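What follows is a set of notes on a single structure, which appears directly below.
Below, each value reflects all heavy atoms present in this structure, side chains not excepted, and no hydrogens, waters or symmetry copies. In this text, all values refer to a predicted model and were calculated from it rather than measured experimentally.
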Amino acid sequence: MKAPIFQPNKSLNEYRPYWAECFGIAPFLPTSRAEMDQLGWDSCDVIIVTGDAYVDHPSFGMAVIGRVLEAQGFRVGIIAQPDWTDVSSFRALGRPNLYFGVSAGNMDSMINRYTADKKVRHDDAYTPGNVGGKRPDRSIIVYSQKCREAFDGVPLVVGSIEASLRRIAHFDYWSEKTRRSILLDSKADILLYGNAERAIIELTHRLAAGEPMGEIQDVRGTAFVRKSIPPEWRRIDETHLPDEKTAVPRGKNGNDVVRLMDNSSERNYIDMPSFEAVRDDPVLYAHASRILHRETNPHNARALAQKHGDRIVWLNPPPIPLTTPEMDWVFERPYQRVPHPVYEQAKIPAYEMIRHSVNIMRGCFGGCTFCSITEHEGRIIQSRSEASILQEIGEIRDKSPGFTGVISDLGGPTANMWRLACKDKETEASCRRPSCVHPTICKNLDTDQTPLISLYRKARAVPGVKKVLIASGLRYDLAVETPEYVKELVSEHVGGYLKIAPEHTESGPLSKMMKPGIGTYDRFKALFDQYSAEAGKKQYLIPYFIAGHPGTTDQDMLNLAIWLKEHGF
């Protein structure tokens, strides 16, 4: 019997710490040679290059990855917003012993830099002083080139949402063309997609143990380039649209009912339409995109292969979601919760917005077609424990500058999906449905939000806390399934206005978005108004809408305009 391709995952804190743990915990991860000297370091094991200012807070990716690797015993340095025109900026911390980790930051650099009208933004919320222009376009590619120029031969690991969403051939809005996988353009050794703690820990320990980067090809949540596919892998050809004889039967929700081939073997891989095919044929582009979204369940996803000329971009299946104890461990690292002192009194707007907020979960099973959360973080919800969340609220009270007793947000990608999951683990493991809530809420989904009510009550009972707000990200079609939750939310946790996103009023674009009909919004608004009145409060909903989404007609937009006028917007 052959050994499994993917070894069982270790818990995040199950690894033997690297020898450098003897240096202890750094007050801040060093950003200069002088700081390294103060810590007694002669070198860094890993250097993270990021497009954001360094804020040592669990809402900033470089801090999370840096502190997680520090807890594994590695010395991690940060090069934040380097001058990409000067290679010496990339030599500031010397040559890393293991690799450069390259990140564009919390945002995609092109979205950060340009408006939807392709006009240059003159601000950047992740930069001190809100100054624009401190990161290059397509930062992953530019930073990677500079790292190679600075130290030839150093392994290069790329990640962040910019890399994650460009892991296969993708349409680039700004250039109006389909681009290759960012792996090829960056010339990185390996790409980590999604929230990458599990992958980055395993990869770093294996590199530290002397395993060559080119031989590490079995880590979940990674992508790399290969010349050929080993013979033990069994090919499933999906390079073309299936004809009527070979098409996979589909249920009412578009979910695969059966597969043409046995998919129990983890040695199956899907051969996707090539870069050249999706570049030249929009239908095959859509087919490739559907394959990527279908293969997001880590319990049944197959590896994916996409040819780019004579090379193959290979995607291993997604990482196994973090357990609640692992989520707690990640969020309980010794974050300072403030920007690095080098920025002195300069304001960093993104930090100002989230410094008194708490992230309670990851992921989203909504599957909205315009949203990247599911593609990046997956649709299985990863939740922190109640105790860990309450502990962080206490730390904000005790450590965060300027805290006035108000927790500005208690949520995550989706405010009210905390602890929601499939009722049956076997069903969850076999499901390929892209959304658990469209076209209707799945009968196997537990929608009970009473545990969240309990969390809210305990959060606002923490001594020193005056108010806990739920600012955004509310999934109102789930909220109406538990009216008691809506009452608790409206009575105690709305600061006058609540932002929600019906996205449109018409069924045509809503069906393409995979969003519920406007009737669900009406149900939620009725409950919102009722409980606001009962609480003696004047509160208002702020609905978000998308104009010009694919599938939208002129009549749809006219009907939306009439709806807005009738409702006083």
Side-chain angles (χ1 to χ4, degrees), residues 5-7 9 61 65 99-104 108 138-141 143-144 147 155-172 178-204 206-207 211-230 233 235-236 238-239 266-275 278 288-298 301-320 372 374-378:
I5 294 288
F6 301 103
Q7 300 297 326
N9 287 105
I65 294 300
Y99 61 85
F100 275 112
V102 177
S103 162
D108 179 281
R138 302 185 176 89
S139 295
I140 292 284
I141 297 172
Y143 288 161
S144 296
C147 287
L156 199 60
V157 180
V158 297
S160 76
I161 196 165
E162 178 164 308
S164 187
L165 299 186
R166 288 166 167 72
R167 57 190 186 262
I168 62 170
H170 54 280
F171 181 75
D172 184 79
T178 300
R179 293 179 65 99
R180 306 186 301 174
S181 165
I182 201 170
L183 259 172
L184 296 171
D185 288 339
S186 67
K187 297 181 173 61
D189 293 285
I190 196 166
L191 180 153
L192 275 56
Y193 65 88
N195 295 110
E197 292 95 347
R198 202 182 290 287
I200 198 79
I201 289 173
E202 179 179 351
L203 176 70
T204 309
R206 289 171 66 173
L207 289 171
E211 194 169 345
M213 175 69 86
E215 295 180 10
I216 302 177
Q217 299 184 341
D218 59 348
V219 178
R220 282 178 166 270
T222 64
F224 53 91
V225 177
R226 61 192 340 164
K227 284 292 185 77
S228 61
I229 297 172
W233 285 93
R235 177 175 181 258
I236 300 175
E238 294 202 24
T239 56
E266 64 174 2
R267 282 179 165 79
N268 284 346
Y269 78 94
I270 295 175
D271 196 1
M272 304 173 69
S274 68
F275 160 68
V278 302
S289 179
R290 185 183 186 280
I291 292 171
L292 183 69
H293 285 81
R294 187 190 66 203
E295 302 296 325
T296 59
N297 185 345
R302 279 75 55 97
L304 305 177
Q306 185 178 54
K307 292 180 181 177
H308 288 61
D310 62 351
R311 289 177 290 180
I312 301 165
V313 172
W314 179 274
L315 276 68
N316 284 331
I320 300 299
S372 63
T374 302
E375 186 176 337
H376 181 60
E377 296 193 348

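At a threshold of 4.5 Å between non-hydrogen side-chain atoms, the residues V219 and R198 do not count as touching. With contacts defined as side-chain heavy-atom distances shorter than 4.5 Å, the pair P318/Y193 qualifies. Contact of the I168 side chain with the L304 side chain is not registered, since no non-hydrogen atoms from C-beta on lie closer than 4.5 Å. No side-chain heavy atom of V278 sits under 4.5 Å from any side-chain heavy atom of F171. Under the 4.5 Å side-chain criterion, counting only non-hydrogen atoms from C-beta, M213 is in contact with V157. C147 places a side-chain heavy atom less than 4.5 Å from the side chain of V102. Proximity of K227 to R311: side-chain heavy atoms (C-beta onward) are separated by under 4.5 Å at one or more points. When side chains are defined from C-beta on, H170 does not count as touching L165, because their heavy atoms never get closer than 4.5 Å.
Note: H376 NE2 to N195 CG = 5.0 Å, rounded to the nearest 0.5 Å. For the atom pair CD1 of I161 and CD1 of I140, the computed distance is 11.5 Å after rounding to the nearest 0.5 Å. We find the CD-CZ distance between E238 and R302 to be 7.0 Å, quoted to the nearest 0.5 Å. To the nearest 0.5 angstrom, T239 atom OG1 is 6.0 Å from D271 atom CG. In this structure, CZ on F100 lies 10.5 Å from OG on S144, to the nearest 0.5 angstrom. Here the OG1 atom belonging to T296 is positioned 9.0 Å from the CD atom belonging to E375, to the nearest 0.5 angstrom.
Under 4.0 Å is where a charged nitrogen must lie from a carboxylate oxygen, and between R166 and D185 no such pair does. In this structure, E202 pairs ionically with R206, as a charged nitrogen and a carboxylate oxygen lie closer than 4.0 Å.
Shown here for S228 and I312, the closest heavy-atom pair between the two residues is CA-CD1, 4.1 Å. Annotation for A163 and L191: closest pair O-CD1, 3.5 Å, computed over non-hydrogen atoms. Across all non-hydrogen atoms, the minimal contact from G194 to S164 is N-OG, 3.1 Å. For the pair F224 and Q217, the tightest heavy-atom approach, listed with the atom from each and the gap, is CZ-CB, 3.4 Å. Of all the heavy atoms in L183 and I190, the pair that sits closest is CD2-C, 4.1 Å. Here the closest heavy-atom approach between residue A188 and residue V158 is recorded as CB-CG1, 3.6 Å.
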Derivation of the side chain to side chain contact (heavy atoms under 4.5 Å, CB included) call for I320 and R220: CA-CA 8 Å; I320 300 299; R220 282 178 166 270; 4.0 Å; yes
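Of the possible polar contacts, one joining the H308 side chain to the S181 backbone as a donor-acceptor pair under 3.5 Å is found. Between the side chain of D108 and the main chain of E162, no donor-acceptor pair closer than 3.5 Å is present. Counting only distance, with no hydrogens or angles, the side chain of S103 and the backbone of G159 share no donor-acceptor pair below 3.5 Å.
Between the side chains of Y99 and T204, at least one donor-acceptor pair of N or O atoms lies under 3.5 Å.
Exactly one of Q306, R167, M272 qualifies for a side-chain contact (heavy atoms from CB on, under 4.5 Å) with L315. That residue is R167.
Note on ring orientation: taking the six-membered ring where Trp is involved, the planes of W314 and Y269 are tilted (angle from 30° to 60°).
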